[in-house]
Number of protein chains: 2
Amino acid sequence: MKSPKETSLAKTGLRTTHPRLLILEVLEKSRTRHMGAEEIYDSLRESNEEVGLATVYRVLTQFEQNGLVLKHRFGEDSKAYYELNNEQHHDHMVCVECGDVYEFVDDEIERRQDVVADSLGFVLHDHSLHLYGVCSGMEKNGECSMKKRKSETVYQVESN
Amino acid sequence: MKSPKETSLAKTGLRTTHPRLLILEVLEKSRTRHMGAEEIYDSLRESNEEVGLATVYRVLTQFEQNGLVLKHRFGEDSKAYYELNNEQHHDHMVCVECGDVYEFVDDEIERRQDVVADSLGFVLHDHSLHLYGVCSGMEKNGECSMKKRKSETVYQVESN
DNA sequence: CCTCTTTTAGAAGACACTTGCAATTTAATA
DNA sequence: TATTAAATTGCAAGTGTCTTCTAAAAGAGG
């Protein structure tokens with residue numbers, strides 16, 4: 001009997017190892033769904049799980065290559081952030097004060113991107129849209145508005 | 001009598017130095033308008049101009065802080081690219097095969113970004129939109145379509 | 001539980017910058 | 001055009017993030 005995590009590893013051909021299961025677990029439990037490699041490493045050490053930093057990097061790279069996670073770079077930040085791939089395409093809105101990341105989709109923007117690529121004579125492969133601003137919590141009272149957020153869903157903007 | 005480059009340096013309060021003028025010149029002459037620090041450094045050394053790499057980095061940082069240049073990171077590329085700030089906001093379309101960068105604006109996308117930020121309760125400060133694909137030249141015959149391009153203008157997509 | 005292959009930890013290395021500091025250059029003033 | 005104080009530079013050393021090397025350990029099939 002395989003756990004869901006074992007199943008997803010099996011599908012990629014990657015062996016089920018302790019470090020890989022642990023890293024998936026950390027990503028699942030992540031409040032913001034977006035974590036840096038070092039952050040994942042620290043989180044593991046706090047739970048007294050001995051996983052080397054090099055392994056964390058290696059595993060994340062493998063996960064990305066196998067579509068299990070998505071990798072992003074935000075703003076000037078020179079490090080990468082990883083999120084579990086929920087198979088639902090989305091863009092990112094990042095709070096420049098608290099660092100939290102919100103996910104959204106806007107169909108109109110998606111459509112226009114195709115038009116733009118087309119106009120320029122490109123075959124579009126991929127895109128990344130990052131919005132940077134200050135979230136309502138930080139704006140109002142300096143307290144991150146996402147702290148208490150429980151469920152994580154991609155915000156679908158009304159195409160009004 | 002000041003040259004345009006001296007004038008723009010003066011406006012920032014930065015002293016007119018040989019390295020700074022040279023770097024502005026290299027950026028002006030750049031075919032793609034988007035260059036990495038090391039690339040600028042190499043270009044200078046090819047013209048027998050002795051400017052240290054650290055200086056190139058330092059100057060580019062100062063230029064960015066003073067609004068003379070814009071800094072971008074594209075895709076997985078871990079290095080930064082710089083372009084002269086032409087004061088006309090634009091997004092980027094990058095060819096994943098030849099590496100060339102095209103600039104464009106789409107008013108509809110700009111508008112929708114405001115709507116999205118608003119819906120999420122954010123005060124929008126900034127954004128970056130990168131489209132990745134294959135340019136027509138590379139797609140057709142493996143030859144970069146931008147090579148012969150002379151004038152560089154921001155492509156304004158029809159808001160059809 | 002044996003054997004083969006994959007994976008891991010830790011150390012060393014790579015890459016893209018950044019910083020400390022003494023020497024040089026700039027530019028305001030004499 | 002000299003003088004001089006402050007800004008700037010070059011080089012070397014240092015950082016942060018990530019990758020690679022190797023011997024040892026752990027998975028998976030028989």
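Quick caveat, the model's predicted, so the values are computed rather than measured. Every chain is numbered from 1 and lettered A, B, ... according to where its sequence line falls, protein lines coming before strand lines.
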Atom NE2 of B/His18 and atom C1' of C/dA27 are separated, to the nearest Å, by 17 Å
Out of C/dT5, D/dG10, D/dT17, whichever nucleotide has its closest atom nearest the side chain of B/Val51: D/dG10
Heavy-atom closest pair, residues A/Ala117 and A/Leu124: CB-CB, 3.8 Å
Provide, to the nearest angstrom, the distance between the CD atom belonging to B/Glu6 and the C1' atom belonging to C/dA27. 12 Å
Apply side chain to side chain donor-acceptor pair (under 3.5 Å) to A/His125 and B/Glu97, showing your working. CA-CA 11 Å; A/His125 285 193; B/Glu97 300 213 334; over 6 Å; no
Write down the distance between CZ (B/Phe63) and P (D/dT8), rounded to a whole number of angstrom. 11 Å
Categorize A/Ala80 for me: base, sugar-phosphate, or nothing, with a 4.0 angstrom heavy-atom threshold over every strand shown. sugar-phosphate
A/Met35 CE to D/dC18 C1', in whole Å, measures 17 Å
Go nucleotide by nucleotide along DNA chain C from the 5' end; which of A/Gly52 and B/Glu38 gets its closest nucleotide reached first? A/Gly52
Can you tell me the distance, in whole Å, between the OH atom of A/Tyr41 and the P atom of D/dT17? 14 Å
Could you please name the option among D/dC11, D/dT8, C/dG10 that lies closest to any side-chain atom of B/Arg20? D/dT8
To the nearest Å, give me how far apart CD (A/Glu50) and C1' (C/dT7) are. 17 Å
Of A/Leu53 and B/Arg73, the one whose closest DNA chain C nucleotide lies more 5': A/Leu53
Return the 5'-most residue of the pair B/Pro19, A/Ala37 with respect to DNA chain D, ranking by each residue's nearest nucleotide. B/Pro19
Separation of B/Gln62 atom CD from C/dT18 atom P, in whole Å? 12 Å
Under 4.0 Å from OP1 or OP2 of D/dC18: is there any side-chain N or O of B/Ser78 that close? no
Exactly one of A/His89, A/Met93, A/Gln156, A/His92 should register a side chain to side chain contact (heavy atoms under 4.5 Å, CB included) with A/Glu103. Which one does? A/His92
Side-chain contact check for A/Val59: nearest option of D/dA28, C/dT8, D/dT20 is C/dT8
Roughly, in whole Å, what's the span from CG in A/Leu60 to P in C/dT7? 15 Å
Selected nucleotide, minimal atom distance to A/Ala54 side chain, candidates C/dG10, D/dA6, D/dG27: C/dG10
Classify the nucleic acid contact of B/Arg58 as base, sugar-phosphate or nothing, counting any heavy atom under 4.0 Å across all strands shown. base
Name of the residue among A/Tyr81, A/Tyr102, A/Phe74 meeting ring-ring contact (aromatic ring centres under 6.0 Å, His included) with A/His130: A/Phe74
Just to confirm, is there a sub-4.0 Å distance from OP1 or OP2 of D/dT9 to any side-chain nitrogen or oxygen of B/Thr17? yes
Exam field: side chain B/Thr32 to backbone B/His34, donor-acceptor pair closer than 3.5 Å: yes
Is the phosphate of D/dC18, meaning OP1 or OP2, less than 4.0 Å from a side-chain N or O of A/Tyr57? yes
